[in-house]
**Q** 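Dumping the structure here so I can ask a few things about it.
Chain letters run A, B, ... following the sequence lines, proteins first and then strands; every chain starts at 1.
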2 protein chains.
Amino acid sequence: MTTAERIDKYEPLTEQKVIQLVQQLRLLPSDGALTCEEIGDGNLNYVFRVIDERSQQSLIVKQALPYAKVVGESWPLSLNRASIEYQALRIQGELTPDFVPKVYYSDTTYAITIMEDLSQFDILRGKLIDGEHYPNLGKHIGEFIAKTLFFTSDFYLDAETKKQRVKQFINPDLCKITEDLVFTDPFFDHDTNDFEEELREDVANIWDDLLLKLEVAKLKKLFLTRSDALVHGDLHTGSIFVTETDTKVIDPEFAFYGPLGFDIGQFIANILLNAITKQQEQQRQLLQLITDTWEHFSETFTELWKTQGQEKYTQVDGYVEHVLTETFEDAIGFAGCEIIRRTIGLAHVADLDEITEYSELLSSKRHALSLGKELIFQRSKLTSPRQITLY
Amino acid sequence: MTTAERIDKYEPLTEQKVIQLVQQLRLLPSDGALTCEEIGDGNLNYVFRVIDERSQQSLIVKQALPYAKVVGESWPLSLNRASIEYQALRIQGELTPDFVPKVYYSDTTYAITIMEDLSQFDILRGKLIDGEHYPNLGKHIGEFIAKTLFFTSDFYLDAETKKQRVKQFINPDLCKITEDLVFTDPFFDHDTNDFEEELREDVANIWDDLLLKLEVAKLKKLFLTRSDALVHGDLHTGSIFVTETDTKVIDPEFAFYGPLGFDIGQFIANILLNAITKQQEQQRQLLQLITDTWEHFSETFTELWKTQGQEKYTQVDGYVEHVLTETFEDAIGFAGCEIIRRTIGLAHVADLDEITEYSELLSSKRHALSLGKELIFQRSKLTSPRQITLY
């Protein structure tokens with residue numbers, strides 16, 4: 001591949017072209033011994049792993065596709081998300097280098113990001129389904145969220161820089177996915193929804209619940225209008241890689257300036273979706289993980305506020321407590337929406353869908369729907385993660 | 001002036017150059033009979049009136065200056081605000097043509113906007129000080145705010161267009177003026193503040209009032225983070241031109257995507273600042289003007305919501321009422337901040353400063369400070385503009 005070809009125009013890469021590209025960029029030591037495999041199981045991107053068979057070093061080449069695979073080529077998506085992902089990874093990498101993959105290269109023409117290979121890690125969702133427990137996870141995720149939010153917010157950044165960041169991370173295509181699939185379609189009889197026929201009555205109850213829809217409307221409005229900080233935007237357990245000791249947050253292509261509570265809410269929701277399927281002792285452990293995460297988040301955020309707050313009002317008593325109270329309430333509401341949409345919307349979770357006993361699958365999904373509703377309705381009454389139960 | 005000169009680079013215009021420019025653009029019929037006068041009394045711009053003495057037609061050439069005049073050249077300001085003003089006038093002109101000046105031309109190099117001359121209009125502030133009453137004013141301002149907010153919000157625009165507008169109206173320099181001069185400096189012992197020495201104790205009480213500062217912190221956060229709709233951003237009574245029958249809103253250079261309640265709040269504040277200086281019957285009339293404005297705003301907004309809402313949740317019972325309740329609460333809070341900053345901050349209002357009797361001036365300013373505080377503290381308890389009193 002010549003440089004002229006490389007920068008000419010977008011095309012989906014093949015394994016052979018990926019090898020040529022990595023050779024050309026001299027990102028691995030042994031040019032002649034590279035192998036490549038497409039390992040993506042996502043819906044929106046190719047993910048190639050390139051291994052240098054001689055040095056056993058490796059890396060990942062991720063390429064954005066111009067459409068969502070899940071519905072064929074009929075759902076076009078801006079390639080700009082590759083650039084958003086790269087820029088978000090760069091910022092997150094500066095703020096929390098331990099918790100994101102290293103980035104080596106990006107190219108807007110091909111919509112690719114080349115980054116650290118995390119093959120030694122497992123995807124958290126699968127491991128939670130297997131019943132694994134990660135004692136550092138709450139600490140790591142709490143710290144990741146606290147630092148990425150605080151340092152990109154008006155509490156720390158000067159107003160000009162923050163507004164330029166808001167502009168830089170305007171992300172209409174990917175936000176639209178969330179606006180539709182998380183906040184809208186599941187609450188109306190929309191053809192993207194996907195649920196077992198046996199659940200129709202439960203689902204119809206949601207569509208008919210005007211009080212619930214009013215609360216979801218308010219939460220959707222927060223998502224549409226609150227430019228608080230740079231959020232990851234898709235922080236479910238499939239976006240988190242783990243080992244016994246380490247945690248990495250990947251795939252920030254949904255990143256944008258959004259509400260402080262959004263990432264925590266999505267994380268809590270996906271832990272609860274797993275907890276629903278478990279026995280009591282594991283449920284207790286998963287609820288403890290939620291408490292750990294919130295507590296590490298709020299402690300880190302408060303510490304940063306007190307030591308590094310640049311906004312003059314960060315000196316005023318009670319302000320950080322107000323911000324955290326509001327963030328918690330919003331997070332619980334967002335969690336409720338996420339739980340409902342992962343149960344009856346377009347994109348499901350394996351935690352529920354892979355339950356082998358069909359009657360148990362149905363009862364777990366009913367459980368999820370009632371839990372989601374409770375969280376949305378009760379969000380202003382809950383004041384601590386310790387009050388979250390599975391109802 | 002040749003075209004090459006004209007597009008070469010920014011320079012402050014002179015009356016002679018303005019005439020050459022208008023001739024060149026053929027915006028008035030008689031090229032040979034143009035006269036020009038700089039009539040600006042603002043702090044940030046030149047305002048030239050060009051008259052065709054033969055046809056008696058005229059127009060306004062407004063040029064942004066690269067600094068704020070009020071503090072000499074030491075406060076640099078982006079010329080981009082001329083482009084923001086032009087784009088805001090275009091959008092407002094499409095949505096509410098009766099209430100904004102027509103725009104004929106804009107040029108980003110010179111940072112100029114050429115627009116309708118409103119010499120037959122009076123500035124509202126001066127006329128309110130004189131005790132004049134405008135029976136259509138509440139209706140006009142309520143309609144202007146309702147239409148400009150609704151049609152630029154997520155309730156009407158598709159998500160992509162709205163996000164592009166947010167990007168287009170990122171306005172750091174002018175927002176910074178409001179962030180500092182409205183929401184921050186007056187509440188701290190800052191050297192931009194300006195007040196009579198006799199008021200020092202009252203002012204110190206504000207600086208020491210931690211509960212007040214906590215509430216102002218929350219209101220400032222709304223201003224910094226809520227991208228609801230395209231707000232005018234500076235809707236005081238000096239930005240409104242009136243005749244017996246007509247109303248024009250000018251100077252949207254502070255326009256940005258901000259909270260729904262901001263414009264109404266600034267308008268209410270400036271009416272109250274005038275009402276403080278009046279006798280009982282005129283006070284009653286000015287409070288009625290506030291009620292009229294809110295009622296016309298909320299009726300128009302609700303009508304547009306029901307007939308033209310594009311967001312799916314606009315169909316949900318109770319949502320528009322929720323949005324209006326929140327908007328009213330925020331507006332009252334913003335009004336409180338504006339009243340305080342116009343009394344002790346950098347930029348004062350003639351309504352108070354031109355009171356001839358010094359003891360009356362001091363008591364009116366004390367009145368303003370206590371009214372501002374009350375509005376900030378009571379904003380969540382007030383539910384109707386009829387409950388607003390002068391305390």
**Q** If I measure from the heavy atoms of chain B, does Phe183(A) come under 4.5 Å with its side chain, its backbone, both, or neither?
**A**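 Only the backbone of Phe183(A) comes within 4.5 Å of chain B.
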
**Q** What part of Phe256(B) is in contact with chain A, defined as an atom under 4.5 angstrom from a non-hydrogen atom: side chain, backbone, both or neither?
**A**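 Neither the backbone nor the side chain of Phe256(B) comes within 4.5 Å of chain A.
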
**Q** Please determine, among Leu210(A), Leu214(A), Val316(A), Leu222(A), the option with the most heavy-atom pairs under 4.5 Å with chain B.
**A**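 Winner by heavy-atom pair count: Leu214(A).
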
**Q** Of all of Pro172(A), Cys175(A), Ala159(A), Ala217(A), which one pairs up most often with chain B through heavy atoms under 4.5 Å apart?
**A**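 Greatest number of close heavy-atom pairs with chain B: Ala217(A).
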
**Q** For the interface with chain B, which of Leu211(A), Val323(A), Leu224(A) has the highest count of heavy-atom pairs at distances below 4.5 Å?
**A**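 Highest number of heavy-atom pairs under 4.5 Å: Leu224(A).
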
**Q** Against chain B, label Ile170(A) side chain, backbone, both or neither, depending on which of its atoms sit under 4.5 Å from a heavy atom there.
**A**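 The side chain, not the backbone.
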
**Q** Using atom types as modelled and no hydrogens or angles, find all donor-acceptor pairs between chain A and chain B shorter than 3.5 Å.
**A**
unit_1	atom_1	unit_2	atom_2	d
Lys162(A)	NZ	Leu224(B)	O	3.3
Lys163(A)	NZ	Glu179(B)	OE2	2.7
Glu179(A)	OE2	Lys163(B)	NZ	2.7
Phe183(A)	O	Tyr313(B)	OH	2.4
Ala217(A)	O	Tyr319(B)	OH	3.3
Lys220(A)	NZ	Glu311(B)	OE1	2.9
Lys220(A)	NZ	Glu311(B)	OE2	3.1
Lys221(A)	NZ	Asp228(B)	OD1	3.4
Leu224(A)	O	Lys162(B)	NZ	3.3
Thr225(A)	O	Ser227(B)	N	2.7
Ser227(A)	N	Thr225(B)	O	2.7
Ser227(A)	OG	Ser227(B)	OG	3.0
Asp228(A)	OD1	Lys221(B)	NZ	3.4
Glu311(A)	OE1	Lys220(B)	NZ	3.0
Glu311(A)	OE2	Lys220(B)	NZ	3.1
Tyr313(A)	OH	Phe183(B)	O	2.4
Tyr319(A)	OH	Ala217(B)	O	3.3

